[in-house]
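What follows is one structure encoded as structure tokens, with my remarks underneath.
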Amino acid sequence: MPEAGYLDKLNDNQRAAVEFGVGGEALSPPLLVIAGAGSGKTNTLAHRVAHLLVNGADPRRILLMTFSRRAATELTRRVERITAQAMGTSVAAEALTWAGTFHGIGARILREHALSIGLHPEFSIHDREDSSDLMNLCRHGLGFSKTESRFPAKGTCLAIYSRTVNAETPLGEVLRDSFPWCAQWQEELKQLFGAYVQAKQAQNVLDYDDLLLAWAQVMADPGFAAHIGGAWDHVLIDEYQDTNRLQARILKALKPDGRGLTVVGDDAQSIYAFRAATVRNILDFPDSFDQRADVITLDRNYRSTQPILAAANAVIGLAKERFTKDLWTERASGPKPQLVTVQTETEQARFMVDRILENRETGMKLKEQAVLFRTSSHSVQIEAELTRRNVPYVKFGGLKFLDSAHVKDLLSFLRLARNPRDRVAGFRVLQLMPGIGPKAAGRILDALDLAPDPRAALADVAPPARAGADWEGFVEAMSTQAAWPAALGLARAWYDPHLDRLHEDAEARRADLLQLEQIATGYPSAEAFLTDLTLDPPDATSDQAGAPLKDEDYLILSTIHSAKGQEWKSVHLLNAVDGCMPSDLGTGSSHELEEERRLLYVAMTRAKDQLTLGLPLRFYVTQQTRNGDRHVYAMRTRFIPREILHHFESVHWSPVQHGGAAQRPSPAPIDVAASMRQMWS
Ligand code: ATP
Ligand code: MG
């Protein structure tokens with residue numbers, strides 16, 4: 001006999017959502033749970049699945065989808081725990097055979113039905129990089145890249161293609177709204193995409209977008225749709241605000257009357273519009289079916305203390321548009337979020353690691369803390385500081401190979417070439433040259449710091465004695481205003497000989513770098529490259545952490561995008577400055593700006609007890625001026641304007657004042673090597 005107590009902890013609205021239509025004769029009508037961060041949406045979804053199972057639902061006839069494999073696994077584990085409590089025996093997570101991401105589930109369906117829908121069952125799946133290579137072949141095949149040197153690069157073509165597909169928007173409109181600089185190529189692009197689709201078919205390939213597109217297309221056949229949709233009684237989706245139109249169409253085809261369908265999300269946390277997700281999906285959901293969906297909102301936050309919630313509410317309160325309402329919490333006590341002003345990103349890293357270790361001394365595990373950042377490359381300093389002080393960590397988001405030394409070297413070079421004042425990149429790159437140690441590197445960087453023109457700056461520096469040709473190559477590469485992606489080619493050519501000197505496995509690393517360059521050629525600019533590479537595309541949100549280091553304590557480093565849905569006692573957010581949040585690239589349109597605001601909201605609402613925002617003044621922001629780029633000091637993010645500043649405690653921190661934080665004793669020894677292995681295995 002099931003024990004009723006398993007729903008006791010839920011509040012009335014949560015319970016209503018869990019019990020909605022369960023146990024009736026027919027499947028439940030469509031249900032939308034829309035509510036702010038930390039209101040228990042995911043928890044409610046897990047309880048609803050458990051409740052369905054307790055009431056006799058067949059776990060194989062439940063489809064559960066969310067934004068990453070990691071999140072799906074976490075969800076099924078929660079269901080397992082709840083059913084264990086409810087029934088004494090748990091429904092094993094494995095019994096929920098249909099839990100995953102839209103893309104993962106799509107791939108399975110397409111493969112299972114391949115023969116009947118004209119696909120080869122052994123079709124291969126291209127990741128974005130493979131796809132852009134194929135696009136390139138087609139471009140060459142059509143001769144566009146030869147006759148028209150300014151023809152969009154392969155990656156841009158793919159991005160346009162992908163957006164057209166995912167947003168289900170005509171090419172002309174996509175070009176006008178998102179790629180205006182490519183609009184002149186509309187006819188050629190149309191031809192190219194035709195060739196690309198043909199090539200994929202001929203080669204038996206599906207790309208990432210096809211997993212949704214092909215799925216949606218076969219679902220257009222009512223017979224097939226009924227067959228597929230009939231396989232599941234219940235379809236439940238978390239983080240629905242970050243789905244795109246194709247995904248909405250698939251859902252509608254799976255469950256045309258909406259019965260058995262439950263979607264959960266928060267429009268204020270929609271952060272994937274840059275990948276064609278649309279918040280309209282969640283807002284339009286109630287009216288998508290003949291029978292209007294029931295809408296349940298949750299208004300109590302269980303995650304954060306009142307001061308943290310108030311600050312987050314204040315930030316999102318300034319948004320132009322928002323459906324979900326402010327939440328309240330009973331967790332009254334606790335400090336205000338701190339805005340910590342430091343001089344540099346290095347100081348920021350020191351401060352944050354100090355704080356993290358202090359927390360640990362008072363009993364807060366590393367695992368209960370996280371460092372969040374806008375893009376993956378922003379964690380460089382903090383990673384260096386953590387390594388120096390023997391603090392184990394696991395990093396979510398970003399590509400794996402981004403974290404290897406050689407890739408970092410090259411990216412550092414790019415960063416340095418763009419921003420010669422970036423000292424972390426500078427030290428890293430300069431010291432690759434024989435004869436240049438920290439002191440010489442410091443001097444060179446000082447020179448670069450003062451002069452806007454690297455050639456002039458470097459001409460004044462006495463060439464390091466042993467660096468020789470290496471130095472000349474460096475100066476040349478630094479000062480050549482190479483167009484993108486030629487700049488990367490230059491950097492790699494310069495860097496290449498160092499591989500042999502620095503690494504035994506130079507050949508493998510060389511291959512990595514070539515690969516990196518291929519990705520790069522697909523981007524219109526270095527910024528776009530660096531940003532996109534580090535924004536953790538949904539397909540690459542690293543499941544790398546897997547089930548790491550079971551018994552060991554480790555800190556989480558994560559991009560904000562990959563931190564979605566998660567929570568920690570203490571959250572340390574890097575670079576709460578204009579130029580990072582919003583990013584330079586995000587300030588283009590008001591839509592983009594609003595998405596950046598929501599990103600900050602997502603970051604802040606990950607914190608339960610303690611929230612720290614770092615504000616490095618010397619976070620250089622590149623400003624486009626008529627005479628070229630110029631670098632300006634960063635300022636506090638515009639999303640925390642003066643009128644809401646009272647929600648934060650402002651702190652100024654400097655290492656001097658804190659007695660050389662760098663000299664603090666290291667924490668108790670931990671097997672870093674093991675954790676590093678786990679991290680990248
Ligand atoms: P997000 O928008 O960030 O995804 P969410 O709405 O999905 O957040 P959950 O992650 O489900 O929120 O829950 C946030 C926290 O609140 C979790 O620690 C969860 O266990 C806790 N929680 C949720 N509901 C309750 C409840 N009724 N009683 C006690 N704790 C709860
Ligand atoms: Mg959630």
Side-chain angles (χ1 to χ4, degrees), residues 5-19 31-51 64-68 70-82 85 99 101 236-243 262-272 279 282 295-306 308-309 312-313 315-316 322-331 367-368 370 372 396 541 556 558 560-571 573 598-609 611:
Y6 70 101
L7 301 181
D8 286 354
K9 270 180 83 183
L10 302 174
N11 67 37
D12 289 350
N13 283 6
Q14 290 177 332
R15 189 159 181 153
V18 167
E19 293 181 328
L31 172 65
L32 164 67
V33 179
I34 184 165
S39 58
K41 296 182 297 298
T42 303
N43 192 39
T44 299
L45 199 67
H47 277 84
R48 181 164 170 81
V49 175
H51 193 55
L64 201 51
M65 289 192 281
T66 181
F67 76 104
S68 74
R70 180 152 40 84
T73 308
E74 174 53 30
L75 201 52
T76 50
R77 284 202 193 119
R78 276 206 219 184
V79 172
E80 200 171 357
R81 282 197 297 272
I82 303 164
Q85 188 199 344
T101 62
L236 305 99
I237 298 171
D238 199 2
E239 304 278 0
Y240 192 59
Q241 76 281 352
D242 283 327
T243 53
T262 304
V263 305
V264 163
D266 175 9
D267 58 302
Q269 293 185 68
S270 145
I271 52 174
Y272 275 100
V279 75
I282 195 165
V295 180
I296 295 179
T297 56
L298 308 173
D299 59 359
R300 175 168 170 189
N301 174 297
Y302 287 91
R303 178 178 293 153
S304 311
T305 60
Q306 175 56 33
I308 292 174
L309 191 61
N313 283 343
V315 165
I316 201 66
R322 183 165 65 123
F323 176 86
T324 43
K325 302 279 175 295
D326 279 1
L327 303 170
W328 60 277
T329 179
E330 279 189 359
R331 303 199 56 217
K367 273 190 184 178
E368 293 169 327
L372 304 185
F396 292 156
T541 51
I556 296 291
S558 176
I560 302 171
H561 282 93
S562 295
K564 218 164 75 156
Q566 303 190 66
E567 61 188 18
W568 295 274
K569 274 192 179 160
S570 177
V571 167
L573 177 65
R598 294 191 294 265
L599 201 57
L600 177 61
Y601 174 71
V602 169
M604 291 176 68
T605 52
R606 301 306 98 204
K608 295 194 206 175
D609 300 344
L611 173 61

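Whatever order the structure lists ligands and atoms in, that order sets their numbers, starting from 1. Along the sequence shown, the residues carry numbers beginning at 1.
Under the 3.5 Å distance criterion, with hydrogens and angles disregarded, a donor-acceptor pair is assigned to the side chains of Tyr302 and Asn11. Remark: the Tyr6 side chain and the His51 side chain contain an N/O donor-acceptor pair separated by less than 3.5 Å.
When all heavy atoms of Ile308 and Ala607 are compared, the pair lying nearest together is CG2-O, 4.0 Å. Taking every heavy atom of both residues into account, Lys608 and Arg331 meet most closely at O-NH1, 3.2 Å. Summarising the geometry of Val79 relative to Ala46, their closest heavy-atom pair is CG2-O, 3.7 Å, with the distance given to 0.1 Å.
Around the Mg ion (ligand 2), protein N, O or S atoms at less than 2.8 Å comprise Thr42 OG1.
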Worksheet item: Would Arg300 and Glu330 satisfy salt bridge (charged side-chain N to carboxylate O under 4.0 Å, His left out), going step by step from the backbone distance to the final call?
Response: CA-CA 8 Å; Arg300 175 168 170 189; Glu330 279 189 359; 3.4 Å; yes
Item to complete: For the pair His561 and Val602, evaluate side-chain contact (heavy atoms from CB on, under 4.5 Å) and give the outcome as yes or no after the intermediate values.
Response: CA-CA 8 Å; His561 282 93; Val602 169; over 6 Å; no
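For ligand 1, residues of the protein lying within 4.0 angstrom by heavy-atom distance are Lys9, Leu10, Asn11, Gln14, Gly36, Ala37, Gly38, Ser39, Gly40, Lys41, Thr42, Asn43, Arg78, Glu239, Gln269, Tyr302, Arg303, Gly565, Glu567, Arg606.
How far CD1 of Ile296 is from CD1 of Ile34: 12.5 Å, rounded to the nearest 0.5 Å.
A salt bridge does not link Arg598 to Asp267: none of the charged side-chain nitrogens sits closer than 4.0 Å to a carboxylate oxygen.
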